[in-house]
There are 2 protein chains.
Amino acid sequence: MRISKEHDVRRNEILDKAESLFEVKGYNKTTVNDILREVNIAKGTFYYYFKSKEEVLDAVIDRYLEIALERAEDVKKRTDLAPAEKLIQVILGLRMGEPNSGVIEELHSPENALMHQKSIAGVVLRLTPIMKEIVNEGIATGDFTTPFPEETIKIMLTAGFTLTDEGMFSFTQEERQRLIQALFYSFETLLGAKKGSFDIGFERIN
Amino acid sequence: MRISKEHDVRRNEILDKAESLFEVKGYNKTTVNDILREVNIAKGTFYYYFKSKEEVLDAVIDRYLEIALERAEDVKKRTDLAPAEKLIQVILGLRMGEPNSGVIEELHSPENALMHQKSIAGVVLRLTPIMKEIVNEGIATGDFTTPFPEETIKIMLTAGFTLTDEGMFSFTQEERQRLIQALFYSFETLLGAKKGSFDIGFERIN
DNA sequence: AATTTCAGACCGACCGTCGGTCTATTTATT
DNA sequence: AATAAATAGACCGACGGTCGGTCTGAAATT
């Protein structure tokens with residue numbers, strides 16, 4: 001039996017199922033055949049929409065990044081938040097290392113190394129410009145002072161993204177909270193922000 | 001024709017050739033058959049020494065880490081260096097992101113994602129304890145002040161390792177130098193060290 | 001209104017490659 | 001001679017990807 005659908009509908013079906021499979025079994029262990037079974041299509045159909053399994057991964061990550069970027073843009077525009085608070089919001093919006101939230105980070109490392117790497121690269125490349133504008137605001141208002149605004153952002157994004165990845169490092173609840181505290185404290189320090197301006201309550205990270 | 005060798009000799013032969021293949025073609029694209037051809041052994045021999053291709057990768061990385069750790073221990077012991085200078089030495093000893101130096105970082109990302117991830121995890125896990133001792137020295141002498149010594153080390157290691165990976169990000173010569181400056185500046189700042197104590201001459205990074 | 005044409009969605013058999021297994025055989029050790 | 005260690009390479013199954021072709025609905029032609 002043959003079911004024909006609109007291009008974008010089918011494409012998104014594939015993306016949705018692939019995404020959840022990647023989350024559950026990891027990218028490596030997810031077979032193209034797994035995806036076919038889930039979406040109920042034939043091999044040919046899959047390769048009609050994507051030219052490789054990796055391209056599906058790219059598309060999945062892209063979709064996630066698009067959402068994150070939009071959220072970040074919204075936060076940037078707000079006038080009721082101080083620059084520091086905006087940065088906190090943007091970072092929390094990434095929901096780094098939190099299972100079942102976005103696309104990223106499940107299971108043990110070998111399965112998801114590629115997904116992890118592509119995610120970091122994407123986040124750093126695309127989120128840095130927006131965050132840089134926020135930091136510049138902060139510099140203009142005198143909230144921040146730093147000789148390396150852009151580099152500071154990149155450092156904090158990579159470190160945060162990698163260290164909170166449960167597939168790479170494991171920690172107790174306390175270690176995790178302490179790490180997150182340290183990350184925000186470091187951001188604050190490197191930006192030369194007022195002490196305490198990057199403090200977040202525990203409720204916000206769990 | 002059949003050539004028999006001592007266990008460790010053969011094992012290291014495999015490791016050596018695998019390592020250079022990983023560097024040249026990347027881990028993913030390097031076939032077990034490639035390794036066999038290079039070492040001139042049969043499949044059975046390979047799997048007599050290693051139970052999987054991934055185990056070879058682990059062994060290669062482990063060898064690299066062993067060397068880095070030894071260097072770090074040596075630096076730690078020295079009495080002619082200030083803590084800050086010791087940390088610089090340890091980090092430069094990693095030769096992060098430098099092609100053809102250690103095992104790590106060649107080519108484009110997808111091929112080496114796993115290698116990269118395992119390297120970071122290994123470096124962070126095994127190097128942090130040693131660097132922590134050095135930082136503690138610095139705290140004792142009053143050179144450093146920080147509420148998060150261990151976390152600071154981890155942040156700087158992951159950021160440095162990832163951002164200088166030419167397989168993930170590309171930069172011009174100037175961008176690269178500026179990034180490295182920023183990394184050392186950040187380390188200095190987060191450790192609360194005296195300004196300029198982490199300054200390095202350009203000669204030392206090229 | 002009936003028929004032809006066309007494009008794009010879809011199908012699944014097939015292929016080459018690759019990591020890994022199995023068992024036989026040779027070499028070293030005692 | 002017996003045993004263990006090392007080597008060999010034919011073989012296997014799974015996987016990503018290809019290819020030739022089919023189905024369907026809508027536009028164009030008659």
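Naming: A, B, ... by sequence-line order, numbering from 1 per chain. Owing to the predicted nature of the structure, the values given are computational and were not obtained by experimental measurement.
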task = Give the rounded distance in Å between these two atoms: CG of D34(A) and C1' of dC15(D).
result = 11 Å
ask   = When the distance from CD1 of I41(B) to P of dA6(D) is rounded to whole Å, what number comes out?
value = 13 Å
query = So, are E133(A) and K77(A) salt-bridged, with charged N and O less than 4.0 Å apart?
reply = no
key: Whole-Å gap separating P (dC18(C)) and CZ (F50(B))   = 20 Å
inquiry  = Quick check on dA6(D): is either OP1 or OP2 less than 4.0 Å from any side-chain nitrogen or oxygen of T45(B)?
reply    = no
query = So, is H7(B) close to the dA5(D) phosphate, meaning a side-chain N or O under 4.0 Å from OP1 or OP2?
reply = no
inquiry  = In this structure, how many angstroms lie between the P atom of dT23(C) and the OH atom of Y48(B), rounded?
reply    = 18 Å
query = Taking everything shown except E70(A) itself, do over 12 heavy atoms lie less than 6.0 Å from its CD?
reply = no
inquiry  = Tell me whether the side-chain N/O atoms of R10(A) come closer than 4.0 Å to OP1 or OP2 in dC10(C).
reply    = yes
message = I'd like to know if R37(A) pairs up with D34(A) as an ion pair, taking the criterion as any Lys NZ or Arg NE/NH1/NH2 lying under 4.0 Å from an Asp or Glu carboxylate oxygen.
response = yes
query = Starting at OH of Y47(B) and ending at P of dA24(C), how long is that distance when rounded to a whole Å?
reply = 21 Å
request  = Let me know the distance between CG of N33(A) and C1' of dC14(C), rounded to the nearest Å.
outcome  = 13 Å
inquiry  = Without decimals, in angstroms, what is the distance between D8(A) CG and dG8(C) P?
reply    = 14 Å
task = Would you mind reading off the distance between I35(A) atom CD1 and dA14(D) atom C1', rounded to a whole angstrom?
result = 15 Å
query = Between the base of dG20(C) and the side chain of K43(B), is there any donor-acceptor pair under 3.5 Å?
reply = yes
task = Using a strict cut-off of less than 4.0 Å between a Lys/Arg side-chain nitrogen and an Asp/Glu carboxylate oxygen, indicate whether R178(B) and E175(B) qualify as a salt bridge.
result = no
query = Taking only side-chain nitrogens and oxygens of K53(A), does any of them come within less than 4.0 Å of OP1 or OP2 of dG16(D)?
reply = yes
Closest to side chain of T31(B), choosing from dC11(C), dG16(D), dC18(C) = dC18(C)
task = Measure from the side-chain heavy atoms of Y49(B) and tell me the nearest of dA6(D), dA10(D), dG17(D).
result = dA6(D)
ask   = Heavy-atom count around K76(A) NZ within 6.0 Å, excluding the residue itself: above 12?
value = yes
